[in-house]
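Because the structure is a prediction, the values reported are computed rather than measured. Values below: every heavy atom of this structure, side chains too, minus hydrogens, waters and symmetry copies. Order of listing sets the numbers, starting from 1, for every ligand and every atom in it.
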Amino acid sequence: MSQTVKLILEDGTEIEGTSFGAFTSSAGEVVFSTAMTGYPENLTDPSFAGQILVLTYPMVGNYGVPGEELYESISRIFESDKIHIAGLVVNYYSEEHSHWNAAKSLGDWLKEYNIPGIFGVDTRMLTKILREKGAMLGKIVAEEDVPLHDPNLENLVAQVSPAEVKHYGHGQHKIVLVDCGTKTNIIRCFLERDVELIRVPWDYDFTQLDYDGLFLSNGPGDPKMCTATIQHLQTALGQDKPIFGICLGSQLMGLAAGGDTFKLKYGHRSHNQPVLLTGTKRSFITSQNHGFAVDTATLPSEWTMLFENLNDGTCEGIKHKTKPFFSTQFHPEAAGGPEDTEYLFDEFLTAVAEYKEGKVQAE
Ligand SMILES: NC(=O)CC[C@H](N)C(=O)O
């Protein structure tokens, strides 16, 4: 029996649709993604915490949801251990699904985490509203009304970051991964390489650890909420060990360096965002999911933009001009989307090897 629910935006827009997933009310920041695949990865990406996700691709759910597969306690399938979105808005929801590794329907999966979905929505009309007016607060209302709620006023990273230190792998390069809500595929990318990974909580004082390279993960919300991470990172920037940051990690590097970040009008959430490697004519199509960006103009002189977004000229990564510190605003680990920039993990580990070699020669 289908049940009617409403999507209500803070500008007063009301859109009626049909419930799937949990029949419950939920509020958050309404954002859109034009990605055509990858809802199992997107919904479990902690970066989406607090957000009601609108998918412009018309049919969603037709390949179901895979069953979990763990390898050495790490999921081979999902980007974390649960769904993080606050709600899902689609045009056509396919309860009927078919895929060799499908274990359940998207609706049943959402029900497991009490997450509401609404279908029958003209998501392209809705996306035009969000593009023209900007990402805005909204709510899915089932029976009981709920107040609008801005998740960016919370420290969402503290809510998704693990509580304890975890160790993975036995490679020659010891990498500290500051987990601000990391996607699991970042861990997989490191463990496919010659790395011993030390995964620490967002506010852990990693400066006390012995390591060869530092990695700052993706994560939800406003990067300025991560004051503890920024403080520890400022100490690390005073040293010479290589640092690599992705998405939120890039924003944290910009803030720790003394720059500023700002909120984009509606963000970049898709698998086809073009970026230019600055100083070259080389461009890449990238996977992106961010609502904030580093304001390149505020970076100190020893830093520069490494990648530029070819759609709107915003910062897609930064680097230090003399020290081995660099970042990407986009996602080289993909999951989902194009994997063309995964080579940046190798560039980071090359910098780590060179740093260690230099240290040996200096001794
Ligand atoms: N995927 C991410 O790390 C997102 C970073 C940050 N929360 C933003 O929206 O810009």
Side-chain angles (χ1 to χ4, degrees), residues 28-35 38-39 41-54 78-80 83-86 130 134-137 150-161 177-187 189 202 215-227 229-230 233 243-256 259-271 273 275 286-296 307 309 311-312 314-318 327-338 341 344:
E29 179 188 18
V30 184
V31 298
F32 68 87
S33 171
T34 61
Y39 55 80
E41 297 91 330
N42 271 355
L43 271 57
T44 53
D45 175 353
S47 307
F48 278 109
Q51 294 180 329
I52 293 175
L53 178 59
V54 179
F78 302 110
E79 295 310 300
S80 75
I83 293 176
H84 287 274
I85 60 168
L130 295 173
M136 63 179 89
L137 303 184
D150 185 354
N152 291 312
L153 299 178
E154 291 177 53
N155 184 344
L156 295 170
V157 164
Q159 296 172 26
V160 301
S161 182
L177 181 150
V178 184
D179 185 343
C180 296
T182 191
K183 288 168 67 181
T184 307
N185 210 38
I186 288 174
I187 296 174
C189 284
W202 73 283
F215 177 82
L216 302 154
S217 87
N218 63 290
D222 186 339
K224 290 176 180 172
M225 290 289 176
C226 303
T227 48
T229 324
I230 293 167
L233 184 50
I243 304 175
F244 177 24
I246 289 179
C247 210
L248 180 85
S250 180
Q251 296 160 3
L252 296 176
M253 285 172 77
L255 290 168
D260 198 3
T261 55
F262 66 101
K263 195 164 188 305
L264 295 167
K265 185 175 182 184
Y266 46 79
H268 301 158
R269 293 179 184 83
S270 62
H271 291 168
Q273 290 278 341
V275 304
T286 64
S287 177
Q288 299 197 11
N289 166 29
H290 65 107
F292 293 85
V294 171
D295 178 353
T296 317
F307 289 95
N309 190 293
N311 284 337
D312 62 9
T314 55
C315 178
E316 290 291 349
I318 62 177
S327 73
T328 64
Q329 184 63 65
F330 57 86
H331 290 269
E333 84 286 354
T341 52
L344 292 166

Engineer: I need the W202 CH2 to D179 CG distance, nearest 0.5 Å.
Structural biologist: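 The distance works out to 12.5 Å.
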Engineer: Taking only residues two or more places apart in sequence, or in another chain, which ones meet A334 in a side chain to side chain contact (heavy atoms under 4.5 Å, CB included)?
Structural biologist: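 In terms of side chain to side chain contact (heavy atoms under 4.5 Å, CB included), with neighbours along the sequence ignored, A334 is linked to E339.
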Engineer: Less than 4.5 Å apart, side chain to side chain, heavy atoms only: is that true for T314 and H268?
Structural biologist: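 When only atoms from C-beta onward are counted, H268 and T314 do touch, with a gap below 4.5 Å.
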Engineer: Taking atom types as modelled, find out whether E29 and Q51 have a side-chain donor-acceptor pair closer than 3.5 angstrom.
Structural biologist: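 Yes.
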Engineer: Name the residues in contact with ligand 1, where contact means a heavy atom under 4.0 Å away: which are they?
Structural biologist: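 Within 4.0 Å of ligand 1, the protein residues are S47, N218, G219, P220, G221, C247, L248, Q251, N289, H290, G291, F292, H331.
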Engineer: Set out, in order, the CA-CA distance, both residues' side-chain angles and the distance that settles salt bridge (charged side-chain N to carboxylate O under 4.0 Å, His left out) for D222 and K263, then state yes or no.
Structural biologist: CA-CA 8 Å; D222 186 339; K263 195 164 188 305; over 6 Å; no
Engineer: For a 4.5 angstrom cut-off between non-hydrogen side-chain atoms, does H271 reach P338?
Structural biologist: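 A side-chain contact under 4.5 Å exists here.
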